[in-house]
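Worth saying up front: this structure is predicted, and the values here are computed from it rather than measured. Remember, it's 1-based here, ligands and their atoms both numbered in the order they're listed.
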Amino acid sequence: MINVLKSYKELSSTVADIVEEQLVEKVFQQLVLPTGSTPLGLYEELVKRKLNWSYVRTFNLDEYLMNPDHPYSYHSYMRKNLFDRINIYPDNYYFPFRPTLSFEDKINYFGAIDLCILGIGGNGHIAFNEPGSSFKSRTRVVDLTEQTIKDNSKYFDSIDDVPKQAITMGLGTIMESKKIVLMANGVDKLNILNVAMNGEVTESVPASILQRHDNVEVYYCD
Ligand code: PGA
C-alpha cells in the first residue's frame, strides 16, 4: 500500500518519526541509509531533532567506486548532510567496501538490520540494483546503466565524471532487514512506484521484490 502524503515536508517528517521511534531504546540499532535527493529533507529533519545517535550503527546502501574523499562520493554526501551534524561515532558508520562479502560479514557480526530506508530510481532500482538484478543478490560491484549515469550526472560537473561502477548492497541483503521504509518524491516516480508495489513481482523491476517482505511501508508525495 502506498501512503500518499501532502508535501515533501510531511514525507520527511513522517520518515523522521519512524527513525526517531527506532532510536529511543538504549539498545544498539542497525540502520540502512540511502543517498540521493529524496532523503535530504529527512536528514535535515533528523539533525534538527537532536536525537541520540550514540547507540546507532549505520550501513549505507551503496557507494561509487571512487575515492571516498571525493566531494561527490556518498561518504562525502553522508558526512555533509548527516554524520558530521549528529553525535554518531565515526567508527559506527559503514559503506559497502571490498571484499564485498566482508561487508556482509560486518552486518551479520552486529546482528540484523532493524530499519532499512530506501529510495527508488526511475527504472525501479533500489540501491544500485538495476533491472535484471537477481532477487538473491548480495553486496557486490556493479556496472551502472546509461540511465542511472544520466540521472546522477546532475550531481557531478559533467556526465563524464560520473563513475561507471559502484558497490551496492544486494536485494537479498536488503530483504533481510526487519523493517523497510521506501520513500519516493515527485510525480515522475508515481508510475514506477505503482508498477513496483502493485504489478508483477519480477527481477526486471527490482523494487517489486518488496511485495514479498512482510514489514514494508511506502511513502510518496508529488
Ligand atoms: P533520488 O534517487 O532520491 O535522487 O530520486 C533515488 C534512487 O535512485 O534510488
Checklist entry - Hey, mind stepping through L210 and M175 against side chain to side chain contact (heavy atoms under 4.5 Å, CB included) and telling me if it holds? => result CA-CA 7 Å; L210 299 176; M175 286 292 281; 4.2 Å; yes
Checklist entry - Is K179 paired with E217 through a side-chain N to carboxylate O contact shorter than 4.0 Å? => result yes
Item to check | Flag, side chain of S76 to backbone of H70, donor-acceptor distance under 3.5 Å | outcome: yes
Next on the checklist: Show me, by chain and number, every protein residue that has a heavy-atom distance under 4.0 Å to ligand 1.
Outcome noted: G36, S37, T38, G119, I120, G121, H125, Y155, K189
Item to check | Pairs where residues 154-191 contributes a residue and the test ring-ring contact (aromatic ring centres under 6.0 Å, His included) is met, not counting sequence neighbours | outcome: Y64-F156, Y72-F156
Item to check | Transitive ILVMFWY cluster of V141, excluding itself - 4.5 Å side-chain cut-off | outcome: L65, I167
Next on the checklist: Test of understanding: with ring-ring contact (aromatic ring centres under 6.0 Å, His included), list the residues that count as partners of Y8, not counting sequence neighbours.
Outcome noted: none
